[in-house]
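Position 1 is the first residue of the sequence; numbering continues from there. Computed from a predicted model, the values in this text were never measured in an experiment.
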Amino acid sequence: MVSITTDYISVGGNRHPAAADWDVQSGVLAFGADQNVALWDPRENSQRGVHSLLVGHTDKVSAVRFYTCPSTSTKLLVTGSVDRTVRVWRSSTMDARQFVLAQTLDGHTGSVNAVAVTDGTNLVASGAADGSVRVWRISDGGASAELVQSVTMKPRFFPMTLSLSRLQTDGKERPAVLAVAGTTNIVQIFVSENTTMAPEFKLCATLSGHEAWVRSLSFTNDKQSKTGDLLLASASQDKYIRLWRLHRGEAVQAAPADETDPMLGGMEPTLTNKAHEFEAAESKYTITFEALLFGNEDWIYTTTWNPNPERQQLLSASADNTLTIWEQDSVSGVWVSMERMGEISVQKGSTTATGSTGGFWIGLWSPDGTQVVSLGRTGSWRSWRYDADADIWVQTLGISGHVRSVNGVQWEPSGGYLLSASADQTTRLHAQWLREELGSWHELARPQIHGYDLNCVDILGPARFVSGADEKLLRVFNVPKQIAQLLEKLSGFQQSTEALPDTAQMPVLGLSNQATGEETPLEEEDESSAQAGKVQASLAESNEPPLEDQLARYTLWPEHEKLYGHGYEISAVAVSHDHTLIATACKASSLDHAVIRLYDTSDWHEIRPPLTAHSLTITSLSFSGDDRYLASVGRDRQWAVFQRNEQEPSSFSLLQSNPKGHSRMILDASWAPVTDKPVFATAGRDKSVKLWRMEEGSFMCKSTISLQSSVTAISFLPAVQDGSLLLAVGEDSGELSVYQVVVDSLEVKHLVTIDKTMSPSKTIAELSWRPTTRTDTSKFELAVASEDTSTRIYAISNVFAWKNRKLCT
């Protein structure tokens with residue numbers, strides 16, 4: 001039986017403050033990754049990263065909360081999305097760290113921005129851009145759910161954050177309290193006396209004081225209170241955090257504030273201590289302003305309380321690139337900033353181009369309170385762990401990934417590393433970190449940070465690559481010496497480092513990476529260049545993959561060459577297997593631009609004239625294994641094959657074109673590793689893959705594979721196994737399947753279709769088999785780029801175990 005396992009998932013997190021949660025029991029951190037929900041255990045010793053993506057939502061996931069159903073103690077995951085639904089996932093009985101979809105809650109007419117839960121009740125609250133909060137009752141371990149109340153915000157605003165808790169009372173029934181805030185400067189407090197039979201939340205208090213939108217709310221039990229007081233933290237775009245106390249009983253009159261107190265810093269108009277009183281379950285309650293926490297220089301996105309019952313600490317994440325841990329001074333009782341982690345936003349080189357600004361959108365505590373993680377603008381998770389011996393917080397390895405459609409993946413010719421290119425304007429290098437008996441995949445470099453969306457990438461040998469973007473030129477990059485040394489140390493990938501450049505940096509007013517020393521730096525740049533050199537030198541000696549701030553700044557590859565000639569955005573690039581030629585195409589709506597341009601890599605000049613055959617955009621280019629043929633396919637529904645001139649190796653001429661290769665546009669092409677009678681495959685919008693073989697000087701269609709949706713990517717394994725070929729097929733729906741093709745007859749046998757729960761949820765953009773020189777044919781690795789922002793590597797085993805199965809054409 002063919003078996004498929006997911007070796008690696010690289011995906012970035014959604015930049016939404018509510019889109020992540022860390023489960024106290026299982027230790028799993030769930031976060032929104034485009035329209036999927038990624039599951040990751042940051043405390044796992046294997047450093048495996050994301051172990052699963054939950055597929056179900058049809059638009060970006062914007063709210064994530066773990067929740068334990070009180071009646072059955074079933075672990076649930078509640079997620080909200082821009083698709084206007086709330087989905088309830090139940091933990092799998094086979095594996096507590098996996099989840100299956102149990103319920104979809106419809107009703108909101110706008111994007112769901114926030115979800116609130118609290119243990120001990122069967123209530124879930126969701127807030128959406130339709131200006132309402134809906135309260136749902138979840139029962140039977142998530143198997144059933146019903147809407148019990150819909151609250152319209154008055155005055156009208158969009159709820160962006162919710163927090164749910166329970167009040168102390170003498171009776172058996174503890175009232176539920178719901179705090180709501182969003183696109184307004186007030187916090188509304190709703191209370192429901194009954195949480196089991198017919199809950200009805202009523203507005204009991206309106207807390208004012210903030211001067212801008214409130215982005216985060218978080219309840220906790222006051223650990224120093226003997227009467228079970230609640231503390232509510234509210235964080236705002238006014239750069240302040242306010243703490244409010246929910247106390248059972250009459251208001252305690254505080255001593256009048258001294259207006260000359262220097263601690264107030266001229267902010268006395270915003271500091272009021274009005275007591276808000278209400279009744280619930282025959283008890284009186286008061287809400288009073290407790291403390292003002294200031295020190296951040298930009299919007300505050302999230303606040304979360306330490307789950308450790310021993311410590312009363314508040315973690316805040318801000319757009320000023322800092323995570324701050326706040327704690328009450330034991331002597332004065334004043335809340336102060338005990339620890340700040342992150343970056344100094346004003347330091348040199350901290351530009352948007354190098355991925356530094358944009359701040360931290362999410363901050364979360366680990367279940368034991370000894371680790372914190374944050375999500376930044378680049379979609380990457382950073383992690384800090386508390387070192388009790390040294391009494392400091394130390395940054396540890398996080399995870400990273402693209403945050404927009406991944407448009408290209410290509411393996412280094414020997415399979416040493418994988419390059420991915422994305423519409424998030426970055427190229428990333430993925431490789432295995434090998435140590436003792438462990439091996440895990442990581443992003444080891446970010447060679448290109450660009451100003452345009454990247455569309456395609458290909459490799460020019462072990463130390464160079466070329467990429468095409470939404471600009472009219474292509475760029476060629478060389479690996480710096482330090483990254484080559486890091487690859488050799490961590491993943492065993494060896495290459496000569498003698499002729500490699502030292503470092504690369506992003507010039508202050510430049511669009512592309514330069515090798516250090518190419519231009520005389522300005523005096524004020526000397527310091528940052530020296531700093532970059534030190535960090536890059538230390539990277540080469542590192543025993544673990546780079547951290548996010550190192551990736552974003554110090555792993556750039558210097559640009560070697562620019563290739564001009566095209567008139568529009570680059571749509572396709574292919575490199576010959578001998579690395580002497582680059583073939584490229586651009587977006588086109590006329591014959592003039594629908595051409596293939598060839599470049600000689602010895603001196604980077606364009607080989608003229610360009611190759612012509614198409615009338616619309618060329619979508620894919622592919623060189624045959626022996627580089628004798630170049631195939632092109634396009635939106636004009638035709639394919640063309642160009643033959644290399646044996647006397648002039650840099651010259652190609654049209655051998656054959658088929659204007660009706662498919663009935664709709666052709667999206668990809670791939671050559672089989674067969675030389676005597678060349679074979680290539682084409683994939684079309686007409687839901688089919690066609691296999692073409694050369695017979696008597698021309699290519700004839702020998703087999704057709706029919707599929708369920710448009711075929712967007714295909715790839716032949718670059719080796720013949722037992723007289724058979726392996727063909728991977730990716731579809732517009734995200735479905736991924738593998739076929740066995742008999743070389744002699746081109747008969748096709750369906751081997752396996754990857755389970756929907758393991759496959760991408762959007763269009764597959766490119767497929768690439770890992771080159772292998774091993775004699776072991778029990779396992780093959782397939783890299784997949786998808787529009788769902790994920791880069792994946794699948795391990796496919798026991799492929800040829802079914803040799804005797806009947807073939808189907």
Side-chain angles (χ1 to χ4, degrees), residues 10 12-13 20 22 27 29 31 40-50 296 301-302 304 306 308 313 315-327 337-350 354-401 428 433 435 440 442-446 482-483 486 489-490 531-532 534-556:
S10 170
W22 200 338
L29 192 155
F31 63 92
W40 166 45
D41 187 348
R43 303 177 304 173
E44 208 169 33
N45 291 330
S46 66
Q47 299 282 359
R48 182 184 173 189
V50 174
N296 286 104
Y301 284 120
T302 64
T304 43
N306 190 337
N308 184 344
Q313 295 174 316
L315 177 73
S316 66
S318 167
D320 64 7
N321 289 317
T322 60
L323 276 185
T324 308
I325 296 176
W326 306 87
E327 203 167 352
S337 161
M338 301 296 288
E339 190 72 41
R340 285 172 87 88
M341 294 157 280
E343 300 177 23
I344 304 169
S345 56
V346 293
Q347 72 185 50
K348 288 182 181 177
S350 178
T354 50
S356 299
T357 55
F360 293 155
W361 288 69
I362 300 174
L364 293 174
W365 289 98
S366 66
D368 59 4
T370 61
Q371 186 178 352
V372 294
V373 293
S374 76
L375 180 79
R377 188 189 72 89
T378 55
S380 302
W381 286 93
R382 306 185 196 205
S383 168
W384 287 267
R385 188 180 292 280
Y386 180 64
D387 184 338
D389 296 333
D391 191 27
I392 56 171
W393 288 83
V394 181
Q395 191 170 358
T396 58
L397 196 59
I399 59 171
S400 62
R428 304 184 187 223
W433 177 25
R435 59 231 186 261
S440 54
H442 298 268
E443 182 183 341
L444 293 191
R446 201 163 296 165
Q482 288 83 350
I483 300 301
L486 183 71
K489 186 165 188 180
L490 296 188
Q531 173 68 16
K534 286 179 187 172
V535 176
Q536 285 162 322
S538 65
L539 264 182
E541 302 299 318
S542 175
N543 291 317
E544 62 176 36
L547 303 171
E548 171 59 23
D549 42 347
Q550 297 169 329
L551 281 171
R553 289 221 190 113
Y554 304 117
T555 62
L556 292 167

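For the pair Thr555 and Pro546, the tightest heavy-atom approach, listed with the atom from each and the gap, is CG2-CG, 4.4 Å. When all heavy atoms are compared, the tightest approach of Leu490 to Leu444 is CD1-CD2, 4.0 Å. Here the closest non-hydrogen pair linking Ser380 and Gly401 is OG-N, 4.3 Å. Between Trp433 and Gln47, the shortest heavy-atom distance links the atoms CZ3-CG, 4.0 Å. Between Ser318 and Asn296, the closest heavy-atom pair is CB-ND2, 3.4 Å.
The backbone N or O of Thr370 sits less than 3.5 Å from a side-chain atom of Ser366, completing a donor-acceptor pair. Side chain of Asn321 to main chain of Gly342: no donor-acceptor pair is present (N/O by atom type, distance under 3.5 Å, no hydrogens or angles). Thr304 places no side-chain N or O within donor-acceptor distance of the main-chain N or O of Ser316, the cut-off being under 3.5 Å. Using a distance-only test at 3.5 Å, with no hydrogens or angles considered, a donor-acceptor pair links the side chain of Lys489 to the main chain of Glu541. Judged by distance alone, with hydrogens and angles left aside, the side-chain atoms of Arg428 form no donor-acceptor pair with the main-chain N or O of Ala445 at under 3.5 Å. Trp384 contributes no side-chain N or O that, together with a main-chain N or O of Gln371, makes up a donor-acceptor pair within less than 3.5 Å. Of the possible donor and acceptor atoms, none in the side chain of Thr322 sits under 3.5 Å from a partner among the backbone N and O of Thr324.
Remark: Thr378 OG1 to Leu551 CG distance equals 8.5 Å, nearest 0.5 Å. With rounding to the nearest 0.5 Å, the separation of CH2 in Trp40 from CZ in Arg48 is 14.0 Å. Here CG of Leu486 is found 6.5 Å from OG of Ser542. Values are rounded to the nearest 0.5 Å. Note that CG of Leu315 is 5.5 Å distant from CH2 of Trp365, once rounded to the nearest 0.5 Å. Remark: Leu397 CG to Ser383 OG distance equals 8.0 Å, nearest 0.5 Å. To the nearest 0.5 angstrom, Ser400 atom OG is 3.5 Å from Glu443 atom CD.
Residues that satisfy the salt bridge (Lys or Arg N to Asp or Glu O under 4.0 Å) test with Asp549, not counting sequence neighbours, are absent from this structure. Scored by the ring pair (Phe, Tyr, Trp, His ring centres under 6.0 Å) test, Phe31 finds Trp381 as partners (sequence neighbours excluded). Partners of Arg340 under the salt bridge (Lys or Arg N to Asp or Glu O under 4.0 Å) rule, at least two apart in sequence or in another chain, are Asp320. Remark: Glu44 pairs with Arg97 by the salt bridge (Lys or Arg N to Asp or Glu O under 4.0 Å) rule, at least two apart or across chains. Every residue meeting the side-chain hydrogen bond (donor to acceptor under 3.5 Å, both in side chains) condition with Ser440, not counting sequence neighbours, appears here in chain and number order: Arg435, His442.
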*Would Leu323 and Val372 satisfy side-chain contact (heavy atoms from CB on, under 4.5 Å), going step by step from the backbone distance to the final call?*
CA-CA 9 Å; Leu323 276 185; Val372 294; 4.1 Å; yes
_Run the salt bridge (charged side-chain N to carboxylate O under 4.0 Å, His left out) test on Glu548 and Arg446 for me, step by step, so that the C-alpha distance in whole Å, both residues' side-chain angles and the decisive distance to 0.1 Å come before the verdict._
CA-CA 10 Å; Glu548 171 59 23; Arg446 201 163 296 165; 2.9 Å; yes
*Under the side-chain contact (heavy atoms from CB on, under 4.5 Å) rule, what do Leu364 and Leu29 come out as? Steps first, then yes or no, please.*
CA-CA 9 Å; Leu364 293 174; Leu29 192 155; 4.0 Å; yes
_For a side-chain contact (heavy atoms from CB on, under 4.5 Å) check, start with the C-alpha distance between Phe360 and Arg377, then their side-chain angles and the critical distance, and finish with the verdict._
CA-CA 7 Å; Phe360 293 155; Arg377 188 189 72 89; over 6 Å; no
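Looking at heavy atoms from C-beta onward, Leu547 lies out of side-chain contact with Arg382 at the 4.5 angstrom threshold. Looking at heavy atoms from C-beta onward, Met341 lies in side-chain contact with Ile325 at the 4.5 angstrom threshold. Residues Trp22 and Pro42 meet the side-chain proximity criterion, which asks for heavy atoms closer than 4.5 Å.
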Distance-only criterion, 3.5 Å: show the donor-acceptor pairs between side-chain atoms of residues 388-395 and protein atoms not counting sequence neighbours.
residue: Asp391; atom: OD1; partner: Tyr386; partner atom: OH; Å: 2.4

